[in-house]
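Quick notes on the structure that follows.
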Amino acid sequence: MSSLTHAIEIYINDLLNEAASESMLSIRRKELAQTFGCVPSQINYVLSSRFTQEQGYIVESQRGGHGYIRIEKIKQNTTEDKLNHLEKAVGETISWQDVRKNLSILQKREIITTRERLLIEVALRHCDELGESLFGISSHKREGIQAELLKRMLRSIVLA
């Protein structure tokens with residue numbers, strides 16, 4: 001991870017924390033790039049990799065002379081809000097790599113514990129391996145099964 005990328009991420013998070021009472025944060029991409037002495041595409045990279053919907057953010061962006069970036073932290077006040085967000089993040093199919101990425105994000109956001117993450121990883125890894133070698137299930141079908149199992153396990157954890 002680039003130290004510049006990390007510095008930009010921290011700066012934006014600090015701005016979001018300061019604006020906690022507001023529903024969203026508005027910043028100018030050009031001004032942010034000037035603050036860090038970088039090109040605007042570096043700001044785009046940080047936004048697309050560190051402020052995703054899976055990580056709990058909605059980012060709206062408009063380019064051009066009066067371009068702006070609006071970042072909103074997704075509110076998950078109720079259990080149902082959390083479940084809806086989790087199910088959207090998982091989708092209808094999910095690769096093994098995305099399973100691990102999403103579980104890591106959920107652990108970082110303290111939605112699941114380290115133990116829960118590891119248990120889910122073990123269960124889904126075996127599902128992925130067995131589906132391919134033992135049952136000859138196509139990768140698309142395996143990814144659909146993984147998505148459904150992941151959603152059911154997360155639902156059980158959140159509702160517990």
Side-chain angles (χ1 to χ4, degrees), residues 1 5-6 8-29 32 41-63 67-132 135 137-160:
M1 162 172 26
T5 300
H6 188 65
I8 295 168
E9 177 186 11
I10 289 171
Y11 182 79
I12 292 172
N13 272 319
D14 288 345
L15 290 175
L16 281 166
N17 290 335
E18 288 174 14
S21 62
E22 305 276 326
S23 62
M24 70 175 59
L25 168 69
S26 256
I27 52 178
R28 292 190 172 279
R29 182 187 343 266
L32 195 53
S41 62
Q42 183 72 37
I43 305 301
N44 293 342
Y45 171 75
V46 172
L47 293 172
S48 65
S49 63
R50 310 296 166 83
F51 295 90
T52 64
Q53 187 169 3
E54 291 86 7
Q55 293 165 319
Y57 300 94
I58 296 174
V59 177
E60 180 185 333
S61 177
Q62 180 175 333
R63 297 177 186 222
Y68 61 85
I69 301 165
R70 288 192 185 116
I71 305 171
E72 181 177 2
K73 195 158 191 157
I74 298 172
K75 294 178 183 83
Q76 296 177 353
N77 299 329
T78 67
T79 301
E80 198 58 39
D81 289 341
K82 281 183 188 175
L83 290 171
N84 288 335
H85 177 73
L86 292 172
E87 290 193 6
K88 275 187 193 174
V90 171
E92 294 301 313
T93 62
I94 190 165
S95 68
W96 170 242
Q97 182 180 6
D98 286 340
V99 165
R100 294 192 66 208
K101 182 180 90 175
N102 283 338
L103 290 174
S104 179
I105 290 167
L106 293 173
Q107 180 186 345
K108 184 178 176 184
R109 292 179 57 208
E110 298 179 350
I111 293 173
I112 63 173
T113 66
T114 303
R115 183 170 191 242
E116 291 164 340
R117 178 185 57 82
L118 291 171
L119 287 169
I120 293 170
E121 282 182 4
V122 167
L124 292 182
R125 184 63 186 163
H126 288 302
C127 170
D128 188 51
E129 290 169 353
L130 288 175
E132 182 177 17
F135 301 113
I137 299 172
S138 72
S139 63
H140 183 71
K141 254 190 178 165
R142 264 194 335 269
E143 290 178 359
I145 292 168
Q146 284 178 166
E148 186 59 33
L149 287 172
L150 179 57
K151 287 189 272 190
R152 288 178 185 209
M153 286 187 253
L154 292 173
R155 180 172 281 280
S156 296
I157 290 169
V158 171
L159 292 174

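Given the structure is predicted, the values throughout are model-derived calculations rather than measurements.
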Ala147 versus Gly91, closest heavy-atom pair with distance
CB-O, 3.7 Å
Indicate the atoms forming the closest heavy-atom contact of Arg70 with Ser26, along with that distance.
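The answer is CG-OG, 3.1 Å.
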Test side-chain contact (heavy atoms from CB on, under 4.5 Å) applied to Leu32 and Ile12, step by step
CA-CA 9 Å; Leu32 195 53; Ile12 292 172; 3.9 Å; yes
Heavy atoms, side chains only, cut-off 4.5 Å: are [X] and [Y] in contact?
X: Arg125; Y: Val122; value: no
X: Ile94; Y: Glu143; value: no
X: Ile111; Y: Leu154; value: no
X: Arg29; Y: Asn44; value: yes
X: Phe51; Y: Glu9; value: yes

Kindly indicate, with the supporting measurements, whether the criterion side-chain contact (heavy atoms from CB on, under 4.5 Å) is fulfilled by Leu118 and Thr113.
CA-CA 9 Å; Leu118 291 171; Thr113 66; over 6 Å; no
Arg50 and Tyr57: CA distance, side-chain angles, deciding distance, side-chain contact (heavy atoms from CB on, under 4.5 Å) verdict
CA-CA 9 Å; Arg50 310 296 166 83; Tyr57 300 94; over 6 Å; no
To the nearest 0.5 Å, tell me how far [X] [atom1] sits from [Y] [atom2].
X: Leu150; Y: Glu121; atom1: CG; atom2: CD; value: 10.5 Å
X: Met153; Y: Ile112; atom1: CE; atom2: CD1; value: 10.5 Å
X: Ile10; Y: His6; atom1: CD1; atom2: NE2; value: 3.0 Å
X: Leu15; Y: Leu25; atom1: CG; atom2: CG; value: 5.5 Å
X: Ile27; Y: Leu16; atom1: CD1; atom2: CG; value: 8.0 Å
X: Gln42; Y: Leu47; atom1: CD; atom2: CG; value: 10.5 Å

In plain terms, say whether Lys151 and Glu87 are close enough for a salt bridge, that is, a side-chain N and a carboxylate O under 4.0 Å apart.
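Glu87 and Lys151: not salt-bridged.
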Side chain of Thr52, backbone of Ser48: donor and acceptor closer than 3.5 Å?
no
As a quick check of understanding, evaluate side-chain contact (heavy atoms from CB on, under 4.5 Å) for Gln146 and Val90, giving each step before the final call.
CA-CA 9 Å; Gln146 284 178 166; Val90 171; over 6 Å; no
